2 protein chains.
Amino acid sequence: MTDETPTAVQYGIGPIGSRIANAAHRTGFEFVGAVDIDPEKVGADLGEVAGFGESVGVEVTDDAAAALAADPDVVFHSTVSDVETALPQLLEIVESGANIVSTTEELAYPQWAAPDAAVELDEAATDSGVTVLGTGINPGFVMDTMPAFLSTPMASVDRVTVERVQDAASRREPLQRKVGAGVTVETFERDIATEAGHVGSTESVAMLGDALSFDIDDIEETIEPVIAEDRVETEYLTVEAGEVAGIRQVARGYADGEERITLDLQMYVGADEPRDEVHFESKPPVSVTVDGGYHGDVSTSAVVANVAPTVIAADPGLRSMTDLIPTFTREV
Amino acid sequence: MTDETPTAVQYGIGPIGSRIANAAHRTGFEFVGAVDIDPEKVGADLGEVAGFGESVGVEVTDDAAAALAADPDVVFHSTVSDVETALPQLLEIVESGANIVSTTEELAYPQWAAPDAAVELDEAATDSGVTVLGTGINPGFVMDTMPAFLSTPMASVDRVTVERVQDAASRREPLQRKVGAGVTVETFERDIATEAGHVGSTESVAMLGDALSFDIDDIEETIEPVIAEDRVETEYLTVEAGEVAGIRQVARGYADGEERITLDLQMYVGADEPRDEVHFESKPPVSVTVDGGYHGDVSTSAVVANVAPTVIAADPGLRSMTDLIPTFTREV
């Protein structure tokens, strides 16, 4: 990587895609193409659309094949959350011979919920000699890779609980609306619960379970409103006491009926102790706290850009973040 | 690794070596040899000497060549702290064709303080097609690999501070004596300061600096007594107020005159908030705390056993822990 400047295509230039392109531009990737379907962006310069503060001589196109013809080392893919919709895009990239780092949440560990797509992608990537990785701050780091890594110095692990508590008041308005801040419990149950959920918790449970050799055979998710105890005002909205402040989403991984992994994600306005917290029932027992928690958007783009050199150098195939680090192994 | 049981030789069966052998035995390694120079151990069964609770049909020998003739996949090496003394042992193992995971502290990153030995080992390992890794909880995890890993979701890092505060009262008597608990400041300055120091802080600074692309050009270490404010009694000794409770050892890494890395290790009886704490001046800023801190002895043996499969599978040569994980990269 130090001999030659690695080249990249940005595929999807929404809020996260723009941040990724910026991060990769800053860390030294040379962009040779950019793809977006938004007519307002097509034809414009990537540097302008993504806010590099300079033009980079790369015109945004809605024709993926044209952008991929530039033969990039890696494609930063940031379009949708579900693997089914992303699959044709991912296969086209793989068949063009480029490595992929994607923020498609379900791609972080598609083996659980989309096993057929996982096999198809793995075979296509292996055939093309490229590596495919889904990552981000969550899924991809806080609730899966980080606990797996932190378990390295443990003789054994029985159970892992991760709590990620975020104050939605510090995030963009659409996110505050999305988690239901300011609506009644009734409205939440009717309109929000099915839509507000974070995508990727199932994948995080499955990935972490695999890294810890837990033989997870069942994953359940629940979603419920967090009710405001006091009035909260944000830049964009007001939540009265008794109204919904946001969501709490819990994913549980079971092995043989026993709950081994609990991922507890809370995103609401007025959260007074935002944090990422990991508790291990293990030898030795360990609890780790990230004060304030890793920031969602900033951290996702940084993870994507920072792991890209490792992805380019990795063995071909579909990989998960925990494949790329030497984690706890109970059985050899 | 799942197809065949990996084989191992335990080289050095002191307190740490015994724990490593236990951890590896439990995780599924098959021991095919054991080396120690202690006449009390030579001729006895490894399982008996290391306290497996069962014999494993492996006789401890003081003849390394004889043990290595069994052609193990990996040698767990735990003899001395300095690379110079360990070098002939390590070279003999490498030349026999076995991978090495060693707790020799200076081997965690010998490129800084023992560059000639590092080159010699790297060449010998590459020639033999084996991998050599020095690791443990510290150096090897808490003050180097963990902060490097935790920086993955950061857009940039300016400075890192790690504090490891341990309550020596929870450790073995020799360790309490070693850090000077219960002696006067005068005695500490005369007898303890030069002997009590933790080996590996320089290596941790150099390894972390390399992982973060800091271009560290100077490393300084200081050691000073921690003075007891109140009387402390442990199982083994008593420290009066005003006497030495233990040590504080600080290693600082500079790039171009600027302090970029600070590793602050405190080991004293009566430490009231034992912890491992990492502070990043970074985008975004992040602080991470391991409540109570990772336990020294238990965690070292677990790290060694848990990373062994990765070491066996890794590309040949001398490696450091941070080579084995995809960490923060500011320049590609």
Side-chain angles (χ1 to χ4, degrees), chain A residues 1-2 5-6 19 22-24 26-29 136-137 140-142 145-146 149-156 276 278-279 282-295 298-303 305-314 321 324-332, chain B residues 1-2 5-6 19 22-24 26-29 136-137 140-142 145-146 149-156 276 279 282-295 298-314 321 324-332:
Chain A
M1 298 297 301
T2 46
T5 303
R19 281 183 183 275
N22 268 283
R26 210 171 40 233
T27 56
F29 281 89
I137 192 66
F141 195 81
V142 167
T145 312
M146 186 172 79
F149 174 80
L150 292 172
S151 76
T152 308
M154 298 175 189
S156 64
D276 299 324
V278 189
H279 296 282
S282 54
K283 287 181 191 165
V286 171
S287 292
V288 180
T289 306
V290 181
D291 291 337
Y294 281 98
H295 188 282
V298 180
S299 299
T300 284
S301 54
V303 169
N306 289 338
V307 302
T310 302
V311 170
I312 293 173
M321 283 287 279
L324 301 178
I325 60 169
T327 53
F328 177 83
T329 308
R330 286 192 308 161
E331 287 153 34
V332 289
Chain B
M1 298 298 300
T2 45
T5 303
R19 282 183 182 275
N22 268 283
R26 211 170 39 234
T27 57
F29 281 88
I137 193 67
F141 194 82
V142 167
T145 311
M146 186 172 79
F149 174 81
L150 292 171
S151 77
T152 308
M154 296 176 190
S156 63
D276 299 324
H279 296 281
S282 55
K283 288 178 190 164
V286 170
S287 291
V288 179
T289 306
V290 180
D291 292 337
Y294 281 98
H295 188 282
V298 180
S299 298
T300 283
S301 54
V303 169
V304 168
N306 290 337
V307 303
T310 302
V311 170
I312 293 173
M321 282 289 278
L324 300 180
I325 60 168
T327 53
F328 179 82
T329 309
R330 285 194 308 163
E331 287 153 33
V332 288

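Remember, predicted model here, so these are calculated numbers, not experimental data. In what follows, every chain begins at residue 1, and chains take the letters A, B, ... in the order their sequences are listed.
- Of all non-hydrogen atoms in Val298(A) and Pro284(B), the two that sit nearest each other are CG1-CD, 3.6 Å.
- Between Pro153(B) and Ile137(A) the shortest heavy-atom distance is CB-CD1, 3.6 Å.
- Remark: of the listed residues Val288(A), Val278(A), Leu150(A), Val288(A) is the sole one forming a side-chain contact (heavy atoms from CB on, under 4.5 Å) with Val290(B).
- Taking chain A as the reference chain and counting heavy-atom pairs below 4.5 Å, the highest number among Val311(B), Thr289(B), Thr300(B) is found for Thr289(B).
- To the nearest 0.5 Å, atom CE of residue Met146(B) and atom CE of residue Met146(A) are 10.5 Å apart.
- In terms of modelled atom types and a separation under 3.5 Å, the side chain of Tyr294(B) and the main chain of Val286(A) share no donor-acceptor contact.
- Between Ala302(B) and Ala155(A) the shortest heavy-atom distance is CB-N, 3.6 Å.
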